[in-house]
Amino acid sequence: MRVRMAPSPTGSPHVGLVRTALFNYAFAKHAELTGRGGTFVLRIEDTDKERSTEESYTAILELFRWLGLTWDEGVEVGGSYGPYRQSERGDLYRDVLGKLRESSYTYDCYCRNDEVEARRKESGSKVMGYDGFCRELSPEQRDAFVAEGREPLVRFRMPDGSITWDDLVRGEVTFETQFVPDFALCRANGDPLYTLTAPVDDATMRITHVLRGEDLLSSTPRQIALFEAMRAIGVAEATPLYGHLPYVMGEGNKKLSKRDPQAHALAYRDQGFLPEGLLNYVALLGWAIAADRDVFTLEEMVEAFDIADVNANPARFDLKKAEAINTAHLRMLPVEEITHRALPFLKAAGVVGDPVRDADAQLLELAMPLVAERVNKLAEVADMLGFLFVDEADFTRDEADVAKLLDETGRGVVKAAHDAVAALDTWSTQAIQDALQATLVDEMGLKPRVAYGPVRVAVTGRRVSPPLFESMELLGRERSLARLASAL
RNA sequence: GCUCCGUUCGUCUAGUGGCCUAGGACGCUGGCCUCUCACGCCGGAAACACGGGUUCGAAUCCCGUACGGAGUACCA
């Protein structure tokens, strides 16, 4: 089985693209796993030179690599059916177009848009699109158009009757071809259009299963008809099976649009999502591994995936749940791995330098266990640990937290805490805890939360922080005392 | 307008005619744990769009209605 992902490099890659890519990947890998052979092809649909950009192309590859959706064949990695960028396949399209033009499956069309529009108004037809005016042009009519200097485009002649296919996710779907107008295969200047390139590529790359977004559902009858023609002229061997995946929706009832910040797939990476977390969440949009389970790995998905189980109804992207699933994956990682993955975020935030100094690396190793179980996204590591790494001169406290906890009485507590730990012989978590407990809780009779709140703000700068005593141990005696003192 | 697709808790879903007084998850919410936060644990509220069939029996099959979405390009 050969499947393909065929994004067009326009704009920043969308989470809907991630979902479609994931399902294609899982489909191919599951086929491979079960001995049916599975090849995942990545092809770039950049026929529209106006809209395609190199930035977008780069971003798409970056995204696939980050996600670990490795393609067996396609751009950059090659394969026997390349090239894999449509912009480099012009000769092929021209060749097929030539053959099609010699057949009766297409005809040259000289109409201008406004003329088609005017005719429709006049006839009152309910079908939009082309009306077939040039289907049976007489030689005289054609000569007249040519004499006017008109350039023809090649239009596909939709057959009469209906077109039915067994959609992999929706079951049987039928279109009456009277509602599917003849469509253009190329521009008047000869540039091939998506309507031609996608089927030609699927045919020549021997794609067996096409899994794509629901938005392409209505172009499927045209592609199936084109495949019939390509088979007749010897360009295609078989028509692929089609499966149309439901939309990924945003807020409200709209398809997640590129304008929506939630739509940008790489933004999740930049916020510190784990690729396995995003992938897992996105898999849930239309598919379930089991009735009572929703955290799983890519490998587990590959093993269980069956396109027939995919839901046909659109799903809303829920950031909260995406984060929860991501958190679950974060919890499954060993601390060293989280450290490794958090490093780029720590560097970007300036918490550690690049390269990391030995002392910082050591401190990080000790500090990570404190926060590994508390963060939901990698970027949060930097927020939580900043206070440990910052130079004393740059250390600041959250103003709101200071106002709330370091008032008159708060400062009294901090003073007592300072004196209690200043007397310590050994600077350890246990010793610090014992000393503070003895003085603040036992002697002064404060409730623990009242006692430790001000100390926490004094030392870490925030009301919410990693565990206090451990933090003080890691900060060291000198710096801890200095911060307690500076809070007074 | 026309064509096609869709409709189970707020959201994602399980459910393929009897196991459903509809299960799980996120979110929300009550409590426990607790030096903050988070984790963890125990509880709670919350759904088969509507109307007709078919059937001994329907969330599940069929038809209609309503609602939602998409497509309707010399974009992909």
Side-chain angles (χ1 to χ4, degrees), chain A residues 6-10 45-48 50-52 86 109 111-113 116 124-130 151 153-155 167 169-170 173-176 178-181 183-195 197-198 212-221 244 246-247 249 253-255 281 284-295 308-309 311-325 327-328 331 371 373-376 380 384 401 405 433 436-437 440-441 447-453 455-457 460 462-471:
Chain A
S8 63
T10 55
E45 305 221 326
D46 55 353
T47 49
D48 188 338
E50 298 292 303
R51 305 202 312 153
S52 301
Q86 293 189 328
C109 174
C111 295
R112 286 192 317 250
N113 249 183
V116 178
S125 168
K126 289 176 171 173
V127 181
M128 308 293 273
Y130 192 63
E151 291 291 334
L153 57 80
V154 181
R155 211 174 267 284
D167 194 276
V169 342
R170 284 152 216 271
V173 179
T174 300
F175 279 79
E176 299 298 328
Q178 57 172 311
F179 300 116
V180 185
F183 56 97
L185 294 172
C186 66
R187 293 196 163 102
N189 66 10
D191 284 351
L193 256 14
Y194 158 82
T195 48
T197 60
R212 37 141 63 153
E214 186 182 345
D215 48 335
L216 274 332
L217 191 72
S218 55
S219 76
T220 303
H244 292 89
Y247 284 108
M249 321 269 280
N253 264 336
K254 281 182 301 260
K255 179 184 166 193
Y281 174 67
L284 260 18
L285 267 22
W287 185 75
I289 195 165
D292 55 357
R293 184 174 168 216
D294 57 13
V295 175
D309 294 335
N311 250 166
N313 46 312
R316 219 163 302 269
F317 190 95
D318 181 358
L319 222 208
K320 287 265 182 51
K321 181 152 185 179
E323 287 176 341
I325 296 290
T327 302
R331 298 284 179 270
V371 299
E373 293 236 316
R374 297 186 146 70
V375 294
N376 299 115
E380 292 165 10
M384 302 193 83
D401 290 349
L405 288 170
Q433 176 162 14
L436 290 179
Q437 161 119 17
L440 305 182
V441 180
K447 285 204 185 322
R449 59 179 307 130
V450 179
Y452 302 126
V455 181
R456 184 183 303 281
V457 175
T460 71
R462 297 182 178 195
R463 195 155 39 128
V464 173
S465 82
L468 179 60
F469 316 121
E470 285 84 347
S471 297

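Here is how names work: the chains are called A, B, and so on, in the same order as the sequence lines, proteins then strands, and each is numbered from 1.
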Test your reading of the model: is there a side-chain donor-acceptor pair from [X] to the backbone of [Y], 3.5 Å cut-off?
| X | Y | answer |
| --- | --- | --- |
| A:Arg331 | A:Glu373 | yes |
| A:Asp401 | A:Arg463 | yes |
| A:Arg374 | A:Pro466 | no |
| A:Tyr281 | A:Asp318 | yes |

Short side-chain donor-acceptor distance under 3.5 Å, A:Thr47 and A:Arg187: no
Distance-only polar pair, side chains of A:Arg51 and A:Thr10, donor-acceptor under 3.5 Å: no
Looking at the side chain of [X], which of [options] is the nearest nucleotide?
| X | options | value |
| --- | --- | --- |
| A:Glu214 | B:G24, B:G69, B:A76 | B:G69 |
| A:Leu285 | B:C12, B:A73, B:U3 | B:C12 |
| A:Ala312 | B:C74, B:G6, B:C5 | B:G6 |
| A:Val173 | B:G71, B:A73, B:C5 | B:C5 |
| A:Ser8 | B:G24, B:A76, B:A70 | B:A76 |
| A:Phe179 | B:C74, B:U3, B:G6 | B:U3 |
| A:Glu45 | B:C5, B:A76, B:C12 | B:A76 |

Does OP1 or OP2 of [N] have a side-chain N or O of [X] closer than 4.0 Å?
| X | N | value |
| --- | --- | --- |
| A:Arg187 | B:C75 | yes |
| A:Asn311 | B:A14 | yes |
| A:Thr10 | B:C75 | no |

Given RNA chain B, 5'-ward residue of the pair A:Tyr281 and A:Ile325, judged by closest heavy atom: A:Tyr281
Of A:Leu216 and A:Arg293, the one whose closest RNA chain B nucleotide lies more 5': A:Arg293
Which whole number of Å gives the distance between the [atom1] atom of [N] and that of [M]?
| N | M | atom1 | result |
| --- | --- | --- | --- |
| B:C48 | B:A38 | C1' | 37 Å |
| B:C37 | B:G23 | P | 33 Å |
| B:U13 | B:G27 | C1' | 14 Å |

Protein proximity profile, nucleotides 34-41 of chain B - base contact B, sugar-phosphate-only contact S, no contact -, cut-off 4.0 Å on heavy atoms: -BBBS---
4.5 Å side-chain heavy-atom contact, A:Leu405 and A:Arg456: no
Answer with base, sugar-phosphate or nothing: what part of the nucleic acid does [X] contact at a heavy-atom distance below 4.0 Å?
| X | answer |
| --- | --- |
| A:Arg155 | sugar-phosphate |
| A:Leu153 | base |
| A:Ala184 | sugar-phosphate |

Spacing between A:Asn313 atom CG and B:A59 atom P, to the nearest angstrom: 19 Å
